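First the structure, in the form of structure tokens, and then the observations on it.
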Amino acid sequence: MFTIKSQAEIDKMRKAGEVLYETLQLLKKNIAPGVTTKELDRIAYENIRKYNAIPSFKGYEPGIPGVVPFPASICTSVNEEVVHGIPSSLNRLKDGDIISIDVGVYLNGYHADAARTYGVGKISGEAQRLITETRQSFFEGLKQMEVGKHIRDISEAIQSHAESKGFSVVRDFVGHGIGRELHELPEIPNYVTKRRGAKLESGMTIAVEPMINEGTYSVRVLDNSWTVVTSDGSLSAHYENTVAITENGPLILTKF
């Protein structure tokens, strides 16, 4: 169901993760009112290519009839956009917005994947709370990423935390295994399912990514076939890291 990585493979994924983390930090510094999401995409692309790495998302084909390959290097999802927002020169950030940025890096045959949500200028207290608790839901899940635990243990920790804070957990999109391919098995839901899921083993590498909404967990996809938005127009936040399961506990390969 999933691949077990050697230490050498995990080290390669960590190198990809280092490029990714640097890219996110650079993007964070450039987020401001007036900046377009297209400009952020350019900054990310240039930084990733500086290391002879490749943006994992650019040209990604979902294998869905009629859906064109993803046209950009990063996903930029603003306010009610949950995931897969397409950067655009027409989308200019405003004071009070929040933006989720999802980045993938492919280096030396292996992928790393991570996402963060940032405030633009001065944001509301409730928007900041959503960002904070989405991040914390990941770290609650991280506590369960130990050898011998099951996928559902991660899912339950994420969902319990988010819902205890009054937020909802997106059901339509989930985390995933990662390595030579951007999306590998197993799937990592952020909510509890009937199945316990795979037992965690040393050498597994997974991308865990809570997508948490201020209102309903229901979402819909826009006509561009990529951008996912909340059904009720409420804010959404996203936090993701690539993690290696080891005998000594979980190892975040994309820092935090």
Side-chain angles (χ1 to χ4, degrees), residues 20-21 23-41 43-44 72 74-103 113-142 157-175 190-191 208-222 224 226-241 254-256:
L20 194 159
Y21 180 75
T23 302
L24 279 171
Q25 293 299 101
L26 183 61
L27 291 169
K28 182 180 179 180
K29 292 178 182 177
N30 282 275
I31 291 171
V35 174
T36 68
T37 53
K38 186 70 171 179
E39 175 67 7
L40 295 177
D41 185 68
I43 291 169
I74 61 174
C75 301
T76 54
S77 305
V78 180
N79 294 332
E80 76 279 5
E81 296 175 346
V82 181
V83 285
H84 306 160
I86 299 174
S88 169
S89 58
L90 301 178
N91 195 345
R92 194 173 298 276
L93 298 177
K94 304 184 300 298
D95 188 66
D97 285 344
I98 65 172
I99 178 171
S100 298
I101 298 181
D102 196 353
V103 181
D113 190 2
R116 302 288 187 270
T117 302
Y118 303 111
V120 181
K122 185 177 181 179
I123 64 175
S124 70
E126 186 65 8
Q128 183 58 60
R129 194 171 75 86
L130 173 64
I131 293 172
T132 299
E133 300 303 347
T134 299
R135 180 183 186 276
Q136 187 58 36
S137 70
F138 167 85
F139 284 98
E140 294 301 318
L142 185 70
I158 291 171
Q159 182 178 16
S160 294
H161 181 80
E163 292 182 350
S164 74
K165 301 302 179 180
F167 300 120
S168 65
V169 179
V170 172
R171 266 70 162 170
D172 294 54
F173 298 88
V174 298
N190 299 305
Y191 58 95
V208 180
E209 49 179 322
M211 290 155 271
I212 309 299
N213 295 347
E214 186 179 36
T216 179
Y217 64 73
S218 175
V219 300
R220 61 186 179 89
V221 181
L222 297 185
N224 64 23
W226 278 106
T227 306
V228 179
V229 300
T230 57
S231 294
D232 60 2
S234 62
L235 296 179
S236 184
H238 186 195
Y239 190 91
E240 176 185 22
N241 279 305
T254 42
K255 298 190 178 181
F256 55 88

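Predicted model, so just to flag it, every value in this text is computed and none were measured.
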Can you tell me how far the CZ atom of Phe167 sits from the CD atom of Glu126, to the nearest 0.5 Å?
4.5 Å
Do Arg220 and Val229 have side-chain heavy atoms sitting under 4.5 Å apart?
yes
Output yes when a side-chain donor or acceptor of Thr23 lies under 3.5 Å from a complementary backbone atom of Ala44, and no otherwise.
no
Output, in order, the C-alpha distance, side-chain angles, deciding distance and verdict of side chain to side chain contact (heavy atoms under 4.5 Å, CB included) for Thr132 and Arg135.
CA-CA 5 Å; Thr132 299; Arg135 180 183 186 276; 5.9 Å; no
Below 30° counts as parallel, above 60° as perpendicular, anything between as tilted: where do the rings of Trp226 and His84 land?
perpendicular
Do you know the tightest heavy-atom contact between Gly121 and Pro33?
N-CD, 4.2 Å
Who passes side-chain hydrogen bond (donor to acceptor under 3.5 Å, both in side chains) against Glu163, sequence neighbours left out?
Gln159
Give the minimum heavy-atom separation between Ser236 and Glu81, together with the two atoms involved.
CB-O, 4.1 Å
For residues Val83 and Val170, determine if any side-chain heavy atom of one lies less than 4.5 Å from a side-chain heavy atom of the other.
no
Backbone N/O of Thr216 and side chain of Asp232: donor-acceptor pair under 3.5 Å:
yes
How long is the gap from CG on Leu93 to OG1 on Thr37, to the nearest 0.5 Å?
6.5 Å
Derivation and outcome, side chain to side chain contact (heavy atoms under 4.5 Å, CB included), residues Ile212 and Val169:
CA-CA 5 Å; Ile212 309 299; Val169 179; 3.9 Å; yes
Donor-acceptor contact below 3.5 Å, side chain Asn91 vs main chain Ser88
no
Applying the side chain to side chain donor-acceptor pair (under 3.5 Å) criterion to Ser100, which one of Thr117, Thr134, Asn79 satisfies it?
Thr117
pair Lys94-Val120: side-chain heavy atoms closer than 4.5 Å
no
Measure across Leu26 and Asn30 and return the closest heavy-atom pair with its distance rounded to 0.1 Å.
O-ND2, 2.8 Å
Sidechain-backbone polar pair: Asn190 side chain, Glu209 backbone, donor-acceptor under 3.5 Å
yes
State, to 0.1 Å, how close Ile131 and Ala237 come at their nearest heavy-atom pair, and which atoms those are.
CA-CB, 4.3 Å
Let me confirm one number: the OG1-CD distance from Thr254 to Glu240, rounded to the nearest 0.5 Å.
7.5 Å
Could you check if a side-chain atom of Leu24 sits within less than 4.5 angstrom of a side-chain atom of Tyr118, using non-hydrogen atoms only?
yes
How long is the straight-line distance from CG of Leu142 back to CD of Gln136, given to the nearest 0.5 Å?
10.0 Å
Closest non-hydrogen atom pair between Arg92 and Gly34, with its separation:
NH1-O, 2.7 Å
Nearest heavy-atom approach of Arg116 to Asn241 is NH2-OD1, 3.0 Å
Please round to the nearest 0.5 Å and tell me the distance separating atom CG of Leu20 and atom CG of Asp113.
7.0 Å
What distance do Ser77 atom OG and Ile86 atom CD1 have between them, rounded to the nearest 0.5 Å?
9.5 Å
What verdict does the side chain to side chain contact (heavy atoms under 4.5 Å, CB included) test give for Val219 and Asn213, after you've listed the backbone C-alpha separation in whole Å, the side-chain angles of each residue and the deciding distance to 0.1 Å?
CA-CA 9 Å; Val219 300; Asn213 295 347; 4.0 Å; yes
Other residues, nucleotides and ligands only: do more than 12 of their heavy atoms fall within 6.0 Å of OH on Tyr217?
no
Would you please test Ile74 and Leu27 for side chain to side chain contact (heavy atoms under 4.5 Å, CB included) and show each step?
CA-CA 11 Å; Ile74 61 174; Leu27 291 169; 4.2 Å; yes
